[in-house]
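First the structure, in the form of structure tokens, and then the observations on it.
All chains are named by letter (A, B, ...) in the order of the sequence lines, taking the proteins before the strands, and each is independently numbered beginning at 1.
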Amino acid sequence: MSLEIRRNILIGVTLSIALVLILRLIQLQLLGQEEYGMESRRNSIKTVTIVPARGLMYDRNGVIVVDNKPAYLVSITPSQFDTLQKGEIASLLEIDQQVIDSLLKSAKGTHRFNPVLIKRDVDFKVISYIAENQDRLNGVDFQVEAIRLYPNDFRASHIFGYTKEISPKMLEEQVGDYYKQGDLVGKKGLEKTYEEYLRGEKGYELISVDVKGREMGAYNDGKDDIEPVNGSDLILSLDGELQSYAEKLMAGKRGAIIAVDPRNGEVLCMVSKPDFDLSLFAGSTSAAELNAIVNDPAKPLFNRVTLTTYPPGSTWKMMMGLAGLASGKITTKSTIFCGGSFSLGSYTWQDHGSYGSIPLPKALEVSSNVFFYKLGYNLGIDDFHKYCTMLGFGQKTGIDISEEGQGRLPSREYYNKIFGDGKWPGGVMVNLGIGQGELGVTPVQMVAYTAAIAMNGLYCQPHFVAKIINSNTGEVTIPEFYKRDIDFPDEYWEVVKKGMYLVVNGASGTARGIKNEDYILAGKTGTAQTQGNNHSWFVGFAPFDDPKIAICVLGENAGWGSQFGAPVAAAIMIRYLSNNSVDMFNQNESKITPVIQD
Amino acid sequence: MSASEFFKKFDLTLVLATISLITLGVFAIFSATSSSEFSEQFYERHMIFGIAGVVMMLVISYLPPKHLEKVSSVLYVLSLLLLVSVLIFGKKISGQRSWFSFGGFGIQPAEFAKVATVMIVAFFLSKDSEGRNSKLGLKDTLVIAGLVLLPVALIALQPDTGTNLVFLSILIPVFLWAGMPAFFIVALIAPVIVAISAFLSDIVGNYLLYVVLAITAIGIFLFKEKQYLKIGVIVLCLIAGFGSDYVYDHLETYQQKRIMSVFDPTSDPRGSGYNVIQSKVAIGSGGLFGKGYMQGTQTQLNFIPAQWTDFIFCMVGEEFGFIGSVVLIILYLVIVIKLINNGYNARSRFLSLACIGFASVFLFHLFINIGMTVGILPVIGIPLPLLSYGVSSLLSFTIMLGIGMNAYRNRNIVF
């Protein structure tokens, strides 16, 4: 091969390489110019997100119970920000420089001209300072956003719940890409359940940026901007005045109250004490303060209405009566001899009285234990589990606030697991008969069950939201909740209700202390045995012949059912039925004489 | 000496192309750094060292060729020593220990080692051969391979794969020039092509590897060579093909991802693919005429990190468009073809081989660097000659061009 050929080979290779590069440049610059040009224009647009106002919440009387107020947030646009001013901004916002660093860092990979939220609920003085120094503080912006305002004298912390900045995990797991770092998202209560309605749709303002990163005004005359859509409002079934009253009754106590309209399952009030101040979650509360709430040993964040599981005590006896009737173990007329105690094998269970042969209503009135020991024992676990399931136990009611427990409804499998196949003592059924032992129920299950009895078997899903109103179109959505009929003959319900009537209105009723001339109340006391002072239960409904409210009250370590549960329940029911005008607790305390009896 | 006589000995084309590229580099660096947060005046340094480089180039062009031959072994040993000491005293920057720091200036011994290695190879091959057209023996081949692999081994310890590839790129053109038979050139290139097609076949489909293997095998059998040599080369190709396939399959996912993003940057848009996506946007959006000097949004808004070094071509593509880019490529073509021709015409075998070595260094830099920014080659961090900011590379390229001019001065031509 001559040197000339070799030279020509080298020149040939050189020219081919140049040709490849030029062909590629033709592809990119001449054929792809439109596409890449668009891409580069998109690279020089600053997108400012306009956060819509979150939907409001109204109570059943049209009073605003969850409102918004304007607050300022401060953001930094990374590409325009002079990092030398980091210290100044940090001290202005009273945060660490590292906080700014980590926020800017975690926003990397998103668009460089998009502002990154640094702090919300910033003091107006700080905002004025930033506004005055806008020319100097490049890339530091502020925006108005709406934060929650609770204008009433009650807390309803567990009902409304709160929003929180979205966590990195949620961001990653979200379906779609609506949420961005720094967005608020419903974390608890109604804020969480109705997040999609309340949040609205974010808007976007597009601003052109020149080669120096300076803002040049609206992109495409604002034609491509997207207007935000405000969130929808919720009309709640909650009665604000009743809620306020119930919270006052529970002040300083530990326990739970939930009252519903038995006809449709609408919740009228719900209290879980201790509770917390929601406004702490709305603004710029320090982490330390929030941690104090989270770590409080009294567990204020814990919703006792939907999450506590205690044995229901004697409030369970209607359930047993219904199961006995439905399974044919007793009839509406049959009697059981109650002699003061019940023995099985070597073990004897006591009663607080000896009543002779009594029918179901009487047994409920005096809360005889022997009647239900025997009934429970006769019923057996399978029928027990079957009929209690029909009344909603051992499962979530589906109340429309997050975090609900399902309680514990023992079954054959459950005991087989504990004691071994068939080896379990007969005594478990005796205990279950009076609502003790392994049984666990939540107050919301108890109120739904009581309402179903009041309505002769109409079991309604408890819920807070009556209507959702689109604040832009005015369109009304009525959310759907289930209702089901528990198909027992009416006489079963009537005989059980008669017993509940006698509990309050009978001569030997355990809650006769709450008997009221104007409003016919019905109910049942209960006591859950624990170490220490017992938990006080009361379930009831009123008026007896046309139920408009059903209620469950639980007082932790508050003693007998008649000591705490009954008077509180009576006061709330009468308050509601009197259109929030009668206050039993203050007016006539003597009327509520506790009977020290279960 | 008359003017015409002067220009017969003075490679004006090479000088003008060099000055044009360095000047373009100063403007490009100014534009690319104008909005950067770094206050260092990169373009000023590029200008000062560019002038120094051109002066050095002119000085070198007047040195007697014998002197250049003599210093080549000294320079080679010196650069090996520098490569060793940079491993010990060098400054570690993003995982690589390839820099000496002298009062704000960074010196990269590997850049100078490129010059010295080409010179020592040329020196060795010209030492006892007669004429320019002699054949290359096996012993010489091995010694040259050794001379190149020594700095490669040291640079691998930094580690700096991109620079090492430049060293390896010298071998084949120099072998070709030194008279290695075509069959052996093919035997060297074929396994590399097969290995690359093996990686590509993971994306395109396995048939690619088989097609390339088949074509290679047929091509090799067409040579008039001993059968066992042909079979040996084919076996080598098979090992290269299936071996790299095997290696790829056994890489960690992140390493596979890295390789994938070379061929498909969108597969990793936030990681190694980011620069390529943004540089393609920059170049593509430049269109035919470009956006105008200092008007490129991608460049001015710093979408491409440290654009004034390895990604400087983006600025040219975006602000000067297709026309500017083609002019740039033509300037490089002038340099490379000039070097090849100067090598072809050089009176001494040493200068001839050195020119070919330098031409391949330029060509390889050009291809890899622009190929990377336009997204047809992997992201391998080597500078664009004379344009990218970097004092060491700027000076070493002007030294190469000085020797290229020297070859022009000392060429076989009837005056």
Those residues at least two apart in sequence (or on a different chain) that pass side chain to side chain donor-acceptor pair (under 3.5 Å) with A/Glu227 are none

Considering only heavy atoms and a distance below 4.5 Å, find which of A/Val13, A/Leu10, A/Val20 pairs most often with chain B.
-> A/Leu10

side-chain contact (heavy atoms from CB on, under 4.5 Å) between A/Tyr36 and B/Ile283, intermediate numbers included = CA-CA 8 Å; A/Tyr36 290 111; B/Ile283 294 165; over 6 Å; no

More than 12 heavy atoms of other groups within 6.0 Å of A/Gln134 CD = yes

Spacing of CD belonging to A/Glu35 relative to NZ belonging to B/Lys280, to within rounding of 0.5 Å = 8.5 Å

B/Lys291 atom NZ, over 12 foreign heavy atoms within 6.0 Å | yes

Has A/Lys164 got more than 12 heavy atoms of other residues, nucleotides or ligands less than 6.0 Å from its NZ?
-> no

Give, as side chain, backbone, both or neither, the part of B/Ile329 having an atom under 4.5 angstrom from any heavy atom of chain A.
-> side chain

Does any non-hydrogen side-chain atom of A/Ile11 lie less than 4.5 Å from one of B/Val336?
-> no

Is it true that a side-chain atom of A/Gln33 and a backbone atom of B/Leu288 form a donor plus acceptor pair closer than 3.5 Å?
-> no

Using non-hydrogen atoms and a 4.5 Å limit, figure out which bit of A/Leu30 sits close to chain B: side chain, backbone, both or neither.
-> side chain

Structural part of B/Ile330 lying under 4.5 Å from a heavy atom of chain A | neither

Any chance CD of B/Gln295 has more than 12 other-residue heavy atoms, nucleotides or ligands included, within less than 6.0 Å?
-> yes

Chain A shares the most heavy-atom pairs under 4.5 Å, among B/Gly317, B/Gly286, B/Ala359, B/Ser285, with B/Ser285

Compile the donor-acceptor pairs under 3.5 Å between side chains in residues 321-328 of chain B and protein atoms, sequence neighbours left out, one pair per line.
| unit_1 | atom_1 | unit_2 | atom_2 | d |
| --- | --- | --- | --- | --- |
| B/Ser325 | OG | B/Gly321 | O | 2.8 |

Does any heavy atom of chain B fall under 4.5 Å from the side chain of A/Arg7, the backbone, both, or neither of them?
-> both

Please round to the nearest 0.5 Å and tell me the distance separating atom CD of B/Glu318 and atom OG of A/Ser40.
-> 6.5 Å

Taking everything shown except A/Glu172 itself, do over 12 heavy atoms lie less than 6.0 Å from its CD?
-> no

Toward chain B, the part of A/Ile26 with a non-hydrogen atom under 4.5 Å = both

Point-to-point distance, once rounded to the nearest 0.5 Å, from CD1 of A/Ile17 to CZ of B/Phe364 | 9.0 Å

Taking every heavy-atom pair that is under 4.5 Å apart, which of B/Phe367, B/Phe362, B/Tyr332 has the most such pairs with chain A?
-> B/Phe367

Engaged part of A/Glu34 at the chain B interface, taking heavy atoms whose separation is under 4.5 Å | neither

Heavy atoms only, distances under 4.5 angstrom: which of A/Leu31, A/Thr14, A/Ile22 has the most pairs with chain B? Name it, please.
-> A/Thr14

Taking the side chain from A/Arg24 and the backbone from B/Val374, do they hold a donor-acceptor pair closer than 3.5 Å?
-> yes

